[in-house]
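This report refers to the structure that appears directly beneath it.
Proteins come first, then strands; the chains are lettered A, B, ... in the order of their sequence lines, and each starts at number 1.
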Amino acid sequence: MGKEKIGITVEKNDDFSEWYTQVVLKAKLADYAPVKGLIVLRPDGYSIWESLRNTFDKKFAKNGIRNGFLPILIPESLLGKEQKHFAGFNPEVFWVTHSGTNEVGDRLALRPTSETLAYTLYSKWIQSWRDLPLKINFWNTALRAEIKATKPFLRTSEFLWQEGHTVHMTKKEAEDEVIKILDIYKNTVESELAIPVTTGKKSEKEKFVGAEYTTTMESIMPDGKALQMGTSHFLGQNFSKPFEVKFADKDNVEHFAWQTSWGVSWRLIGAMIMVHGDDKGLVLPPKVAPIQVVIVPIYKNDEGRETVFSKVKEIEKSLESKQIRVHIDDREGLSPGYKFNDWEMKGVPLRIEIGPKDIEKQSMVMAKRYNLEKMNLNFTEIENIPSLLDKIQNEMLNKAQQEARVNTIDISEYSDFKVKIEKGGFFNSPWCGKLECEDAIKEETGAEIRVVPFGSEDKTQKCIYCGEKSVSIPVFARGY
RNA sequence: GGGAUCGUAGUCUAGCUUGGUAUGAUACUAGUCUGGGGGACUAGUGGUCGCAGGUUCAAAUCCUGCCGAUCCCGCCA
């Protein structure tokens, strides 16, 4: 009874997949919906998403991007307009075939992504160079039928995300935008979620269908697999031509515009759970934690309760005045030990314990979630809590960076590669740039090119597969 | 798409082979005691046995179909 049944019943290192699912459910971030592949976000899960959304919105706004909203239904005739794009998505599109009892003529897709819809509108909205650049972001959900292998946050048939779509006069301006967005993604994920990412380009084989090229950020998970954290695509004129997104330039000559699209999803929450969680459950980075400090009052009787609570309320007020999200656990009838474990499962970054002993000494016990360290703090040190939270945030990033570094290795011998890939990890291995080698490596080892990091061009080495001259040193890994 | 396992109260679970009105724990409610790492006792509440058919006097149990979950392989934003 007790311990084993209530908390997380498996160890992270022992059964990673089961551990992940238990943390999601038991920390009350999400639950399963009655339809396959769909999940329900609970307030603690949604709160993390809102926090990320707010951060992104501020950064997008600073970059001249505004939010809009697009409908969820897209007619088949529209979705099929860019053929490669359509062929890529077709197998996983949900179709609406009826309205009421009537069959609809042109089937309606539940959006797997909105390029085709957005650009139909864009072609109406853009006529002159004065209308450019046009930069709009959409917070919505995308639907892609996942027949198998669904996993909360990581792979679901409907997921929350943002999709940004920008239009530019010049190729260069569009390409600069692609990189600006990728930078926003990278610094937000690193500073808010404390997860290090590797940025670069996808290979031709792995790029977004319909894009000229795809830039990506990839992170390594504790089980050695790679997770795509977000992508920013340079669409070139691949969509502006079929959708006639054109503008009249200053010299009154009509040009097709240059476009970008980019997105991150709630998969980021999944990554955060995997990277930081431990055997006791979730560990939240302070910046996105719905509750940053939880106070557990301890008392024996009514008088004790009163003394303790007046102090606890005082601390709450003081923390709130410092913009800290604080919660007092005043649930009756639960032992302090139970509450400690409960808040640890939910990942609250800091816990304060205050009982009669502490009041006497004018101090309190403070426990840090991420390393389970406990210490005694004088009441006067409450002033330092905001900087302590910042410090925790940094230390969590450092720790994750260190782990990522350990699991990233340079390998140039294919025999070595084949053996070590079984344990997972990011492998920096030289590549000749040919699809045949990429395919063969995938076929033989299950590893694929996750990202060709910026600055990894290197013509001095030999391709790990064919031995010919290399063009770059991509990151190979098995992915989610 | 191929393979394997599974579905009984909020959660976990016994019962299924050999059909006969569902077991236990935990959670929940009330009360008393308790309270610094998952507390104790007492009394309660809670079930279309995943759904739909079939066989039978009788189905959680046997048969068929469907829905859902987990894992491995394949495929993919």
Under 4.0 angstrom, heavy atoms only, what part of the nucleic acid is [X] near: base, sugar-phosphate, or nothing?
X        : value
A/Arg305 : nothing
A/Thr231 : base
A/Arg331 : nothing
A/Glu344 : base
A/Lys202 : nothing
A/Tyr299 : base
A/Phe208 : nothing
A/Val296 : nothing
A/Gly37  : sugar-phosphate

Can you sort out the partners of A/Glu204 under salt bridge (charged side-chain N to carboxylate O under 4.0 Å, His left out), two or more places apart, ordered by chain and number? A/Lys207
Across all strands shown, which nucleotide pairs with [N] by Watson-Crick or G-U wobble geometry, both distances under 3.5 Å?
N      : result
B/rC6  : B/rG68
B/rU17 : none
B/rU61 : none
B/rU23 : none

Whole angstrom value for the distance that separates [atom2] of [N] from [atom1] of [X]:
X        : N      : atom1 : atom2 : result
A/Lys311 : B/rG36 : NZ    : C1'   : 18 Å
A/Phe340 : B/rG39 : CZ    : P     : 11 Å
A/Glu332 : B/rU32 : CD    : P     : 12 Å
A/Asp342 : B/rU11 : CG    : C1'   : 14 Å
A/Tyr32  : B/rU70 : OH    : P     : 4 Å
A/Lys36  : B/rG50 : NZ    : C1'   : 15 Å
A/Asn376 : B/rG36 : CG    : C1'   : 11 Å
A/Phe309 : B/rG35 : CZ    : P     : 17 Å

Sequence neighbours excluded, which residues qualify as side chain to side chain contact (heavy atoms under 4.5 Å, CB included) partners of A/Glu18? A/Val10, A/Asp15, A/Gln22
[X], nearest nucleotide to its side chain (from [options]):
X        : options                : answer
A/Ile298 : B/rC75, B/rG35, B/rG37 : B/rG35
A/Val365 : B/rU70, B/rG36, B/rC71 : B/rG36
A/Tyr338 : B/rU70, B/rG39, B/rG37 : B/rG39
A/Glu92  : B/rU70, B/rC76, B/rG35 : B/rC76
A/Arg155 : B/rC76, B/rU70, B/rG38 : B/rC76
A/Lys151 : B/rG36, B/rC71, B/rA69 : B/rC71

For the residue pair A/Arg53 and A/Phe56, would you count it as a cation-pi contact if the rule is NZ or CZ under 6.0 angstrom from the ring centre and within 45 degrees of the ring axis? no
Please identify which of these residues, A/Tyr185, A/Phe454, A/Phe208, meets the side chain to side chain contact (heavy atoms under 4.5 Å, CB included) condition with A/Thr215. A/Phe454
Check this for me, if you would: do A/Glu438 and A/Lys442 make a salt bridge, where the nitrogen-to-carboxylate-oxygen distance has to be below 4.0 angstrom? no
Can a salt bridge be assigned to the pair A/Lys205 and A/Asp439 using a cut-off of 4.0 Å between side-chain N and carboxylate O? yes
Looking only at atom [atom1], what distance separates [N] and [M], rounded to whole Å?
N      : M      : atom1 : answer
B/rG65 : B/rU5  : P     : 16 Å
B/rA22 : B/rU18 : P     : 23 Å
B/rU21 : B/rU32 : P     : 40 Å
B/rU8  : B/rA14 : P     : 10 Å
B/rC57 : B/rG50 : P     : 25 Å

Between side-chain atoms of residues 261-274 of chain A and protein atoms elsewhere (two or more places apart, or another chain), which donor-acceptor pairs fall under 3.5 Å?
from	atom 1	to	atom 2	distance (Å)
A/Ser261	OG	A/Glu115	OE2	2.9
A/Trp262	NE1	A/Thr260	OG1	3.1
A/Ser265	OG	A/Arg267	N	3.0
A/Arg267	NE	A/Leu154	O	3.1
A/Arg267	NH2	A/Leu154	O	3.1

Can I get a per-line list of side-chain donor-acceptor pairs under 3.5 Å for residues 83-98 of chain A, giving both atom names and the distance, sequence neighbours left out?
from	atom 1	to	atom 2	distance (Å)
A/His85	ND1	A/Val209	O	3.3

Provide the closest heavy-atom pair for A/Ile441 versus A/Tyr414 in the form atom of the first, atom of the second, distance. CA-OH, 3.8 Å
Quick check on B/rG39: is either OP1 or OP2 less than 4.0 Å from any side-chain nitrogen or oxygen of A/Ser335? yes
Can you pull out every salt bridge (Lys or Arg N to Asp or Glu O under 4.0 Å) where at least one residue sits in residues 219-242 of chain A? Sequence neighbours excluded, please. none
Using a distance-only criterion (donor-acceptor N/O pair, under 3.5 Å, no hydrogens), is the base of B/rG36 paired with the side chain of A/Lys374? no
Under a 4.0 Å heavy-atom cutoff, the residues of residues 352-361 of chain A touching RNA chain B are A/Glu353, A/Gly355, A/Pro356, A/Lys357, A/Asp358
